[in-house]
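Each remark here refers to the structure printed beneath this line.
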Number of protein chains: 2
Amino acid sequence: MAQDSEHTTTVDRTSGALYRQVASDLREAITSGSFGESGRLPAEGALAEQYGVSRGTIRQALALLRADGLVTSRRGTRRVVLGGARVQSFSELLSFTHWARSMGEEPGGRLESLVRRPADAAEREQLRLAPGSDVYVALRLRTLSGNPVMVERIVYPPRVGELVAQLPPDVVSHTEFLREHGILFTDADHTIDVVAANADDARLLGCRRGSPLLRERRRTTDPTGTPVEWSQDRYLPGTVAFSVHNSLAASALSRHAREGD
Amino acid sequence: MAQDSEHTTTVDRTSGALYRQVASDLREAITSGSFGESGRLPAEGALAEQYGVSRGTIRQALALLRADGLVTSRRGTRRVVLGGARVQSFSELLSFTHWARSMGEEPGGRLESLVRRPADAAEREQLRLAPGSDVYVALRLRTLSGNPVMVERIVYPPRVGELVAQLPPDVVSHTEFLREHGILFTDADHTIDVVAANADDARLLGCRRGSPLLRERRRTTDPTGTPVEWSQDRYLPGTVAFSVHNSLAASALSRHAREGD
DNA sequence: GAGTGGTCTAGACCACGAT
DNA sequence: TCGTGGTCTAGACCACTCG
C-alpha cells in the first residue's frame, strides 16, 4: 500500500476499474498484516477519503473481498479480516495448465483420443444442441511433473471441437488456445462427487479398476450463455481437493442428492 | 410476477430489502419461463421503470441472480437467462436437517459421543483458541429416512460446546438450536476431497474399512470472524454431490493440491 | 449511431451494534 | 447516543455490442 505525506493512498490508474484497483490494494494490505491484531478495517467513509473516491466505489471493492471470504461485514460494526484467505483466479480454476504452473508444478498432458460422433441425448441437453448435431469428445491424461493425476473427458460442440481438432500437439493449454481463437469462458457450473475407476481410468492413472476417484463435472458457458464445453475430470485421491467459500450474503455452493449421470 | 394496468410490477413491501424482493420476483419470472425463447431480459432502465425503483436497486437485484448463475451480464448486450439454475439457501447448505427437509426426506441423527478435552494444535489453529483451551468434540451419525448417509465430526470451541452439551436429545437440528441461543453462522469455508473409511466410519455407515467416502471439511465463523465450529463430514458415495457456480466476475471455488490433514 | 451494461459520484435515510 | 454498514436515489459518463 503506497502512502504519501497526506495519508492518501494512490493506486495504479493504468489498469481496469477503479474499484478493482482499490480492492487489489486492500487485499495486499490485508494479507501483509496491516490493520493490526484486531483486524478491524477503517470505516467505509474513511477509506473513501483515503483513496479519494466515493463510498460507493469503496463498497464495490469491499464486495469483492467479501466474496473471496477475506473480510466480514455487518451493520453497526467495522469490517473484520477473516483468517483462511485463499486466492485463485478464474483462469487457474478452469485451466489445468494455469493451475499447475501457479503451484510451481510442470503440467503435462497426453491426448488419448479425439473423435467426432453424433451427440447422445445427455450431451445435446448439456450443450443445448439440436437433434442430429455432432460433438467432439476428447480423452486426455493430465500429469503433474510427469506423474499421472487426472483423466479428463471433454465434450465440445462442433464449433469448438473443430478448433480443438486443429490444436497443435505441442500446445499444453487447451483453454488458452481456445481463448486466443475467440472462444470465451465466463461462467462455469461444477459438480463434485466420488466415482469408481473404469477400465480406461485404471489403465491411464495406474490404479485398480473400481478404486475411488474424485470427480468434477463442469459445464462452461460463454458470455451469451451458450455452452462451450462439458467436461468430466477424474482425479486420483490425494492429489487435489476443492475449496469453496460462502456466506449468508452470497452463496454459490450447493449440496444435493445425487442423480443419474 | 404481478402486473397492473399501468404495466408496473408490484412487490411485497413488508419483508426485507427492496432489491431482494425485486430479485425474488425476477427469479420467479425466470424460472416460470417468462422472457421467452431468447431468454433476453429487459434493459436495466426498463426494469427500473417497471418496478418503480432506481437503476441501482435493479442492479443490486441482478447481482444476486448473477451470483446464483441464473443470468449472464456483459457490457453492450441485454442480460440472458442461463440454463442449469440451482437454488439453495445458506441454511440449507450448513444444516443437514434443513437440507434433508428441502428434498422431502426425513432427517435423523444419533449422537455417538460428545467429549470435552484439551484442544490439539490443529484444533487450536482452526478455532483460533489460546493454548490450554478445551474443545468439545461431537461424533454423529446422520440418516435420511432411516438410512445411514453421513458421519459428522464437529469440533466446537468451549462457548459453543457448552450449549451443544445441553442440547435436548429430541432436537434434530444442531444449527437451529445454536442460532436460537445466539450463535450465528454467517461465513463458511469448505474443502471437499476423498478419504478412506476408518473403523468408526465403517461401523456406523455399514461399509467396509478403507472404502472411499466423500469428505467435506468446513470451518464456520460468526459475523465477527470468530470460528464457531470446525467440522468434518464423511458421506457414503452416491448419496450426495456438491455443486458450485462461478464466473469471471466472482469466483469462490478453488482447486488446490492436497496438504496434510 | 443507438442501446446496453459498467463505473462512479454525492447525497440521503435507516437499522443495527456498541458504549 | 453515536458511529457503522445497508439501502436507495438521481444523474453522469464511458466501453462495448450490434445492426
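Just so we're on the same page: letters track the sequence lines, and every chain starts at 1. For clarity, every value in this text was computed on a predicted model and none was experimentally measured.
If you find the closest nucleotide of DNA chain C to B:P42 and to A:G76, the one lying nearer the 5' end belongs to B:P42. Between B:G45 and B:L184, the one whose closest nucleotide on DNA chain C sits nearer the 5' end is B:G45.
The nucleotide whose nearest atom lies closest to any side-chain atom of B:R55 is, among D:dG5, C:dT4, C:dT7, C:dT7. Among D:dG6, D:dC8, C:dC8, the nucleotide with an atom closest to any side-chain atom of B:L18 is D:dC8.
Within the nucleic acid shown, B:R79 comes within 4.0 Å of sugar-phosphate atoms alone, with no base atom in reach, counting heavy atoms only.
In this model, no donor atom of one side chain and acceptor atom of the other lie less than 3.5 Å apart for A:H181 and A:Q166.
Judged by distance alone, the side chain of B:S32 and the main-chain N or O of B:E28 form a donor-acceptor pair under 3.5 Å.
OP1 or OP2 of C:dA18 sits under 4.0 Å from a side-chain N or O of A:R74. Look at B:T77 and you won't find any side-chain N or O under 4.0 angstrom from OP1 or OP2 of D:dC18. For D:dG6, the OP1/OP2 oxygens have a side-chain nitrogen or oxygen of A:R59 closer than 4.0 Å. B:R75 has no side-chain polar atom (N or O) that falls below the 4.0 Å cut-off from OP1 or OP2 of D:dC13. Phosphate contact (OP1/OP2 of D:dT7, side-chain N/O of B:T57, threshold under 4.0 Å): absent.
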Exercise for the section: Please assess A:D233 against A:R218 for the test salt bridge (Lys or Arg N to Asp or Glu O under 4.0 Å), listing each intermediate value before the final yes or no. Expected result: CA-CA 8 Å; A:D233 298 351; A:R218 177 178 70 236; 3.5 Å; yes

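Distance, A:L47 CG to D:dG3 C1': 15 Å, rounded to whole Å. The interatomic distance linking B:Y19 (OH) with C:dC13 (P) rounds to 21 Å, in whole Å. As a whole-Å value, the separation of A:E49 CD from C:dT9 P is 14 Å. Spacing between atom CZ of B:R78 and atom P of C:dG6 amounts to 13 Å, rounded to whole angstrom units. Atom CG in B:D222 sits roughly 14 Å away from atom C1' in C:dG17 (whole-Å rounding). Rounded to whole Å, atom P of D:dC8 lies 11 Å from atom CG of B:L64. Remark: C1' of C:dC8 and CD of A:E44 are 15 Å apart, rounded to the nearest angstrom. D:dG6 atom P lies 14 Å from atom CD1 of A:I58, rounded to whole Å.
Between B:A119 and B:V135 the shortest heavy-atom distance is CB-CG1, 3.5 Å.
Under the side-chain hydrogen bond (donor to acceptor under 3.5 Å, both in side chains) rule, B:Y156 has a single partner from B:R116, B:H174, B:E162, which is B:H174.
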